[in-house]
Amino acid sequence: MKHHYIAMLLSMAAFSLSAEVPEGYYNSLEGLRDQSLKDKLHEISINHRTLTYNSLWDYYPETDAYPERVNGRLLVWDMYSDNWNTQQYYYYGGTSGLNREHSVPKSWWGSGNDAIYNYTAGTDIMHIVPSDGEANMAKSNYPLGEVDETTFDNGTSMVGFPVAGQGGGSSRVFEPDDEYKGDFARIYFYMVTCYQDYEWRKEYGYMFTNSTYLSLQNWATDLLLEWSRNDPVSQKEIDRNDAVYKIQGNRNPFVDDPELVEYIWGNRKGEEYSLEHYEGDPGLTSPIHDSKLNFGEVAAGSSKSMQLLVKGNGITSKVDVAIYKGDTTMFDIATRTIPAANVNSSAGYNLTVTYSPTEVGNHKARLLLSFGNNGQVCIDLIGATTGMSGMEQIDTDKKRLIVSTYDGGLVRFTCSAPHTGGRIYDISGRLVRTLPTIEHGTMIGLPRGAYIVITDQQRTPVKILVR
């Protein structure tokens with residue numbers, strides 16, 4: 001995922017990224033701050049074409065198409081499940097198994113705005129996305145949050161009791177996958193800006209307040225800021241934002257410039273906004289300095305890998321990567337250097353970071369990205385082991401296989417113990433490759449496409465998409 005700043009779009013020399021922000025679209029923001037800045041964003045955002053609810057299916061092939069086709073068929077990109085490869089997710093012009101999900105529940109709006117809501121926010125495709133029907137039902141109209149005790153988990157979406165201090169009084173919260181937390185955060189920032197003059201029903205005031213300025217409960221502000229910082233803007237979001245603009249005529253400003261979130265709710269409150277806040281000096285736009293990569297709980301003896309987007313502009317030398325300070329032996333990185341061309345590219349570079357705890361406890365280390373003479377960005381790596389009793393559970397966890405993919409068809413396997421009898425099938429069920437033994441760190445190449453990986457130890461298929 002990546003950061004993308006407006007100032008880069010104002011220079012023709014920097015027009016290498018794919019976002020299609022019209023020239024001058026945000027010029028009126030210059031010199032504004034705090035509420036006046038948010039009010040102006042409201043004026044820009046609310047000025048859009050009103051769609052009909054029934055027409056949304058017609059637009060999803062433009063806004064939410066999966067980047068790869070399966071058997072020549074278009075797939076709808078669902079952020080609520082990993083059922084992307086099933087037939088019901090083929091696009092038919094009204095897709096079986098998928099819902100049109102209001103990311104911000106429609107029941108949260110006050111009755112006085114029903115008519116307005118039904119014809120504006122209620123059909124705003126910016127927050128109405130395709131969703132797996134079962135996950136949508138489980139999510140209900142719960143607020144976003146971090147789940148402490150799970151009542152629903154499909155591997156991508158979780159619903160359950162919230163961690164302490166979250167939920168705003170709701171009995172349950174909905175927690176999306178880490179890959180999409182920033183997406184949902186920026187959708188919510190958009191909604192409380194575009195529709196800041198709407199009234200929220202008091203009984204559903206879990207996250208929002210009837211204030212035209214900050215518009216968010218304190219706990220919700222903290223949560224959305226954390227998600228936005230730790231999951232920077234992705235190419236998926238940029239492409240979707242461009243597509244929505246062509247259809248609806250407005251944009252999500254927090255996708256075009258994620259730093260706007262900081263000016264209104266974060267660490268730049270009180271500062272006057274400038275279109276030139278990014279000066280074009282060499283630097284990393286992702287990850288954000290002092291952000292966190294949290295692996296959650298991982299069983300001792302097993303591993304978990306996560307992707308960290310490293311993206312920048314004007315980098316002229318390689319980026320060196322190192323882990324230091326703290327529990328350095330618990331974390332590993334796939335490479336120690338990243339070429340400047342990869343970092344400066346529109347897609348950035350996805351760095352694989354692996355957490356392999358060998359003892360019970362909380363673990364923390366620092367990841368250092370250094371470039372040029374003095375350029376440095378540091379983030380915290382955080383993980384914890386589950387408390388386990390007995391070798392049997394550890395042995396079971398050792399059987400887990402993690403498969404990571406990289407641009408160019410590269411596939412990497414992560415496992416705490418060797419796997420045997422590896423079989424790779426394409427989406428039609430045809431066996432395309434066998435791997436008698438898979439060791440930790442084994443790497444292979446595959447053509448572009450969707451695959452399923454099974455081993456003697458990993459009976460549950462691992463689905464991968466190779467680009």
* **Check against ring pair (Phe, Tyr, Trp, His ring centres under 6.0 Å), Trp227 and Tyr188** => CA-CA 11 Å; Trp227 285 7; Tyr188 271 58; 8.8 Å; no
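- The pair Glu226-Lys292 does not meet the salt-bridge criterion, since no charged nitrogen lies less than 4.0 angstrom from a carboxylate oxygen.
- For Pro130 against Leu98, the heavy-atom pair with the smallest separation is CB-CD1, 4.3 Å.
- To the nearest 0.5 Å, atom OG1 of residue Thr354 and atom CZ of residue Phe295 are 7.0 Å apart.
- Note that the CD1 atom of Ile382 and the OH atom of Tyr355 stand 10.5 Å from one another [nearest 0.5 Å].
- Residues Ser170 and Arg172 bring no donor and acceptor atom of their side chains to less than 3.5 Å of each other.
- Classification of the Tyr273-Tyr263 ring pair by plane angle, with boundaries at 30° and 60°, yields perpendicular.
- The aromatic rings of Phe254 and Phe189 sit tilted, their planes meeting at an angle between 30° and 60°.
- Across His419 and Gln457, no two heavy atoms sit closer than the pair CA-OE1, 3.2 Å.
- Put simply, the side chain of Arg423 gets close to the backbone of Gly421: a donor and an acceptor are under 3.5 Å apart.
- The closest side-chain donor-acceptor pair between Glu297 and Thr385, if any, does not fall under 3.5 angstrom.
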* To do: Test Asp456 against Thr420 for side chain to side chain donor-acceptor pair (under 3.5 Å), laying out the working first.
  => CA-CA 6 Å; Asp456 293 338; Thr420 59; 2.9 Å; yes
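- Under a 3.5 Å cut-off, the side chain of Ser45 and the backbone N or O of Leu41 do form a donor-acceptor pair.
- Asn252 contributes atom CG, which lies 8.5 Å from atom OG1 of Thr193 (distance to the nearest 0.5 angstrom).
- Neither side chain, Asp82 nor Thr156, offers a donor N or O lying under 3.5 Å from an acceptor on the other.
- Distance check: Asp320 CG to Phe371 CZ gives 11.0 Å after rounding to the nearest 0.5 Å.
- Here the side chain of Glu175 pairs no donor or acceptor atom with the backbone of Pro162 at under 3.5 angstrom.
- Closest non-hydrogen pair, Tyr324 versus Leu368, comes out as CE2-CB, 3.7 Å.
- No side-chain donor-acceptor contact under 3.5 Å links Tyr26 and Asp257.
- Across all their heavy atoms, Arg251 and Pro253 have their closest contact at O-CD, 3.2 Å.
- Summarising the geometry, atom OG1 belonging to Thr63 is positioned 11.0 Å from atom CG belonging to Asp239; distances are rounded to the nearest 0.5 Å.
- No hydrogens or angles considered: a donor-acceptor pair under 3.5 Å links the side chains of Ser215 and Lys38.
- Glu179 contributes atom CD, which lies 8.0 Å from atom CG of Asp231 (distance to the nearest 0.5 angstrom).
- Residues Asp124 and Tyr190 bring a donor and an acceptor atom of their side chains to less than 3.5 Å of each other.
- Of the possible donor and acceptor atoms, none in the side chain of Ser140 sits under 3.5 Å from a partner among the backbone N and O of Tyr142.
- Considering every non-hydrogen atom in both Asn230 and Ser291, the closest pair reads OD1-CB, 3.4 Å.
- Residue-environment remark: NZ (Lys304) exceeds the threshold of 12 foreign heavy atoms within 6.0 Å.
- In Met443, the CE atom is crowded: over 12 heavy atoms of neighbouring residues, nucleotides or ligands sit closer than 6.0 Å.
- Looking only at distances, a side-chain donor or acceptor of His289 sits under 3.5 Å from a matching main-chain atom of Cys378.
- No side-chain N or O of Gln217 forms a donor-acceptor pair with one of Thr209 less than 3.5 Å apart.
- For CD of Gln307, the number of neighbouring non-hydrogen atoms (other residues, nucleotides, ligands) closer than 6.0 Å is greater than 12.
- Taking both residues in full, the closest heavy atoms of Gln458 and Ile454 are given as O-CG2, 3.4 Å, listed atom of the first, atom of the second, then distance.
- Side chain of Asn154 to backbone of Tyr80: a donor-acceptor contact under 3.5 angstrom is found.
- Below 30°, between 30° and 60°, or above 60°: for Tyr66 and Trp77 the angle between ring planes is between 30° and 60°, a tilted geometry.
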